[in-house]
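Presented below is the structure to which this report refers.
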Amino acid sequence: MAENNVPAPKREIPKSRVMVNQQTAQIYANAWAAKEKGEPVGWSTAIFPQEIAETFGLPVLYPENNAAAISAKHLGDPFIQHAEGEMRYPINICSYARMNIGMADKMSGEKYERVEPAMPVPDFLLLANNSCTQLMKWYENLSRNLGIPIFFVDCLFNYYEEPPAPHKIKYVRSQIENCIKDMETFFGKKFDWDRFLEIQQRSQINRKLFNEIVKLNSRTPAPMNGFDLFNYMSPLVLCRGQESTTAIFEQLKLEVLELIATNTSTFTAKEQHRVHWEGIACWPNLGYNLKMLKSYGVNAVMNGYVTAWDVAYEPGDLDGMAKAYQMSSTNSFSTPSIMAKRAKSIKDYSCDGMLCHVNRSCKMMTFHIFVGHEIIEEQTGVPCANFDGDQSDTRVFSEAQFETRLQALVEIMQHNKEAQND
Amino acid sequence: MLTMGIDIGSTTCKCIIFKDGSEIVGRAIVPLGTGTSGPQQVFQTALSSGGFVREDMERILVTGYGRFSFDEADTQKSEITCHAQGIHYLFPSARTVIDIGGQDIKVLHISGRGMADNFVMNDKCAAGTGRFLDVMAGVLNVRTEDLGSISMEAENEVRISNTCTVFAESEVISKLSANVRLADLVAGIHTSVATRVASLVFRNGVVKDVAMSGGVALNQGIVRALSRELKTDILIHKDCQFAGAIGAALIANQELLRQARDNKK
């Protein structure tokens with residue numbers, strides 16, 4: 001390990017993080033309480049139009065978010081092994097899917113031992129394939145195994161660089177409307193369009209607030225350790241349309257502004273280099289990754305993942321909402337579109353390099369990296385380095401490989417700086 | 001001014017001593033990797049080769065897989081930077097460096113000053129690395145260092161379709177059972193490594209001149225197959241195996257010069 005590791009004083013958990021933890025605990029508690037009362041509980045893909053479920057007042061949990069939390073605690077292996085073993089799922093599919101499908105199957109067994117945060121067995125599924133096409137098969141399997149319905153919004157892939165054509169927007173809008181009708185029938189509830197407008201407005205307030213906070217990290221040195229952004233995505237995933245999220249982000253914004261005012265940072269090492277992190281976090285290795293980054297004075301100030309929940313539209317404009325959900329995750333974009341966004345971000349956040357997670361699970365987020373290197377290097381002039389890992393599967397990541405590649409990237413970034421100063 | 005560079009790899013340790021960053025005055029190579037007595041052996045042998053003691057070394061820089069576990073060193077650098085500097089010393093015209101190590105494959109683009117501009121390395125698996133050749137040599141009951149000369153006798157090279165080391169091992173065994181000639185089999189193994197390495201080189205772009213570093217570069221069969229795949233000549237220096245250690249010793253020298261310059265300010 002590098003020699004310049006700066007021992008960090010033990011910091012108090014910021015109030016905003018405490019609020020995030022409380023919010024998450026409350027969402028899970030609400031789902032369990034509903035289940036105990038015999039009310040339907042849903043599981044949803046991470047970027048489904050949550051405004052719909054929120055308007056219906058349905059308790060919903062998010063398996064991708066749940067898998068990330070369990071992976072970060074190193075508790076996911078038994079579920080993955082169950083999916084690969086008894087259930088015969090191949091190792092090549094997404095590890096979130098393997099973990100969740102394995103968990104769902106174990107839940108129905110007598111010997112199931114809950115792993116926190118534990119989700120109750122769902123009664124319905126909400127599916128949007130805007131971040132990944134494998135989600136469809138994952139949810140079809142859940143639906144079939146559990147005998148529960150899926151409410152599906154099919155979001156089209158954006159093959160070319162221009163915005164979606166009107167007929168594509170119409171296609172997604174019609175599905176949102178159809179989902180609402182189907183859900184009215186299934187839940188026996190009338191959809192409240194006024195409430196829907198309020199939720200849309202709240203969602204826009206929250207995503208704008210989060211954007212403002214993320215942009216504050218463009219300062220040099222950055223007020224936040226970039227990995228903090230991974231932790232603060234949770235309110236946007238779980239409760240994008242709720243006031244509790246507004247309260248969290250207002251508090252977080254105050255805290256970040258305070259860090260800026262006092263010229264301090266939650267990145268506890270000296271920020272010598274700034275990188276753009278490409279891909280989902282390596283949740284089981286997050287601690288090691290951060291330790292290494294700090295030891296080399298590297299702050300991953302921005303990443304291409306956190307903007308996925310920046311679903312921007314005018315409240316009341318259903319076409320705009322359909323378009324926004326079709327364009328939220330860069331996983332549904334062409335490589336030139338993705339890399340143009342990354343290049344802009346690298347410039348906006350004054351990054352010296354890009355560190356790319358070649359995520360065995362997430363083919364959608366990984367395949368573009370190899371050709372993307374060239375685009376990034378051409379458009380920004382910064383070097384890129386890859387490392388192997390996985391969002392949940394603990395068998396892929398190699399500590400020695402990660403450090404060697406990080407160190408090489410640091411040496412190139414350092415040399416580039418020295419050459420500029422010469 | 002004497003500086004030492006040590007490259008502690010996964011299978012071999014290499015050491016070079018430079019005088020004033022221009023003349024090699026000591027060297028050693030030990031076929032043992034990190035976690036063994038290899039690092040100490042190579043260190044002591046290199047000192048003895050030039051009649052030096054530890055105190056004669058003004059700076060020792062270590063690189064390679066075992067770079068964090070050698071207490072004699074003053075500092076360490078990644079293999080990428082050291083191989084770039086080492087090859088630049090051996091071949092100033094080189095702009096692409098291919099290093100097939102024991103556990104990984106590196107392809108670097110280097111500047112006219114010997115700095116790595118960017119690099120790509122193998123992902124997901126270690127097929128095509130030096131260890132792959134060791135396993136194949138073991139199956140064929142020959143020495144790894146003899147593979148190159150054996151392949152020169154090939155007449156009808158066979159195709160090895162598996163890149164996975166374990167599956168390729170089975171494939172080679174089945175070809176042996178079918179009485180395929182040893183030389184034809186070894187040539188096929190080299191082509192299988194070359195195609196894997198070439199795809200990495202193409203990913204980074206072939207910028208001439210192309211040079212190879214590391215011990216595998218001494219295998220003329222691999223060099224020939226890779227040259228064929230890349231459609232370009234490959235520069236090979238007799239000291240290619242020492243490239244990482246040479247780079248390490250040169251960087252140690254540059255660091256001393258920088259220190260002296262800073263002290264004067």
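Note that these values count all heavy atoms, side chains included, but never hydrogens, waters or copies made by symmetry. Below, chains carry the letters A, B, ... as their sequence lines are ordered, and counting in each starts from 1.
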Check: A:Gln407/B:Gln76 side-chain N/O donor and acceptor closer than 3.5 Å: yes
Crowding at NZ, A:Lys344 (>12 non-hydrogen neighbours, <6.0 Å): no
With sequence neighbours excluded, residues passing side chain to side chain donor-acceptor pair (under 3.5 Å) with B:Lys77: none
Distance in Å, A:Glu374 CD paired with B:Asn204 CG, rounded so as to fall on 0.5 Å steps: 9.0 Å
Heavy atoms of other groups near B:Tyr65 OH, more than 12 under 6.0 Å: no
For B:Asn118 against A:Glu377, the heavy-atom pair lying closest together: ND2-OE1, 3.2 Å
A:Asn92 atom CG, neighbour heavy-atom count above 12 within 6.0 Å: yes
Nearest non-hydrogen partners of A:Arg405 and B:Phe119, listed with the distance: O-CZ, 3.8 Å
Within 6.0 Å of CZ in B:Arg203, more than 12 heavy atoms from elsewhere: yes
Neighbour count above 12 (heavy atom, 6.0 Å) for A:Tyr288 OH: yes
Residue pair B:Val120 / A:Phe370, side-chain heavy-atom distance below 4.5 Å: no
Under 3.5 Å side-chain donor-acceptor pair for B:Arg67 and A:Thr404: yes
Enclosure of A:Phe367 CZ (heavy-atom neighbours >12, cutoff 6.0 Å): no
Side chain to side chain, A:Phe387 and B:Met121, heavy atoms closer than 4.5 Å: no
Shortest non-hydrogen contact from A:Pro383 toward B:Asp117: CB-O, 3.9 Å
Interchain contact, B:Gln103 with chain A, by part (heavy-atom threshold 4.5 Å): neither
CD1-OG distance between A:Ile412 and B:Ser78, expressed to the nearest 0.5 angstrom: 7.5 Å
